[in-house]
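Heavy atoms only: backbone and side chains are in, while hydrogens, waters and symmetry mates are out. Worth saying up front: this structure is predicted, and the values here are computed from it rather than measured.
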Amino acid sequence: VQLQASGGGLVQAGGSLRLSCVASGRVRGIDAAGWYRQAPGKQRELVASITSGGSTNYADSVKARFTISRDDAKNTVYLQMNSLKPEDTAVYYCNGARIRLPFGNYLHDVWGQGTEVTVSS
């Protein structure tokens, strides 16, 4: 099982990006997941998360600008980022907190590779 993050890039302040995190392999679904980011010289921080029931949680710095969502049919979690600011510049990582496998099995805490987001002023 792998998580593949994509969608990063260079955008001007005020612009938008949508990050995608696709689970591949023998996966039945991504039950719970989170998006994290790490800026140069800073610790990795949680940006947004979604539970198996669809509840979402956001860091104060991104509330009302970012939206996390999930497409169960595509085994994909998204992060829609609007009104981007230079301080959003970071490498963004997806984390599969709980991934559903066949036969009632689960994987926990699976990390994807990062995708870089750069916001210019």
Is the shortest side-chain heavy-atom distance between Tyr106 and Leu101 below 4.5 Å? no
Determine whether Val11 and Thr118 make a side-chain contact, defined as any pair of heavy atoms from C-beta on separated by less than 4.5 Å.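 The answer is no, as the side chains (C-beta and beyond) never meet within the 4.5 Å cut-off.
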Can you tell me how far apart [atom1] ([X]) and [atom2] ([Y]) are? Round to the nearest 0.5 Å.
X	Y	atom1	atom2	value
Asp88	Ser61	CG	OG	7.0 Å
Asn95	His108	CG	NE2	11.0 Å
Arg65	Lys85	CZ	NZ	4.5 Å
Asn57	Ile68	CG	CD1	9.5 Å

The test is side-chain contact (heavy atoms from CB on, under 4.5 Å); show your working for Asp71 and Tyr78 and say whether it passes.
CA-CA 8 Å; Asp71 186 331; Tyr78 301 100; 3.8 Å; yes
Exercise. Taking it one step at a time, do Ser16 and Gln80 satisfy side-chain contact (heavy atoms from CB on, under 4.5 Å)?
Worked result: CA-CA 7 Å; Ser16 298; Gln80 178 67 43; 4.0 Å; yes
Under the salt bridge (charged side-chain N to carboxylate O under 4.0 Å, His left out) definition, can you give me all pairs with a residue in residues 41-56, not counting sequence neighbours?
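Only Arg37-Glu45 qualify under salt bridge (charged side-chain N to carboxylate O under 4.0 Å, His left out).
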*Under 3.5 Å, side chain of Thr76 to main-chain N/O of Lys74, donor-acceptor pair present?*
yes
(request) Verify, without hydrogens or angle tests, whether Gln12 (side chain) and Val119 (backbone) share a donor-acceptor contact under 3.5 angstrom. (result)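 Answer holds: no.
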Closest non-hydrogen atom pair, [X] against [Y]:
X	Y	value
Arg26	Phe103	NH2-CE1, 4.0 Å
Ser120	Leu10	CB-CD1, 4.4 Å
Ile30	Arg70	O-CD, 2.9 Å
Asn75	Val27	ND2-O, 3.6 Å
Val110	Leu107	CG2-CB, 4.0 Å
Leu19	Gly8	CD2-N, 3.6 Å

Residues pairing under disulfide (SG to SG under 2.5 Å) where one sits in residues 10-58, two or more places apart or in two chains, turn out to be Cys21-Cys94
Residues 27-90 vs disulfide (SG to SG under 2.5 Å), sequence neighbours excluded, gives none
Single-linkage hydrophobic cluster [X]~[Y], side-chain heavy atoms < 4.5 angstrom:
X	Y	value
Val91	Trp111	yes
Tyr58	Ile50	yes
Ile99	Tyr93	no
Leu17	Leu79	yes

(request) Test Thr67 against Met81 for side-chain contact (heavy atoms from CB on, under 4.5 Å), laying out the working first. (result) CA-CA 7 Å; Thr67 303; Met81 306 186 296; over 6 Å; no
side-chain contact (heavy atoms from CB on, under 4.5 Å), that's the test. Do Thr89 and Val117 meet it? Break it down for me.
CA-CA 5 Å; Thr89 295; Val117 172; 5.8 Å; no
- Partner set under salt bridge (charged side-chain N to carboxylate O under 4.0 Å, His left out) for Asp60, not counting sequence neighbours: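 So Asp60 forms a salt bridge (charged side-chain N to carboxylate O under 4.0 Å, His left out) with Lys63.
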The salt bridge (charged side-chain N to carboxylate O under 4.0 Å, His left out) partners of Glu87 (sequence neighbours excluded) come to none
Legend entry - Close aromatic pair by centroid cut-off 6.0 Å: Phe66 and Trp35: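 No; Trp35 has its ring centre 6.0 Å or more from that of Phe66.
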Residue set satisfying side chain to side chain contact (heavy atoms under 4.5 Å, CB included) with Ser52, at least two apart, ordered chain then number -> Asp31, Arg98
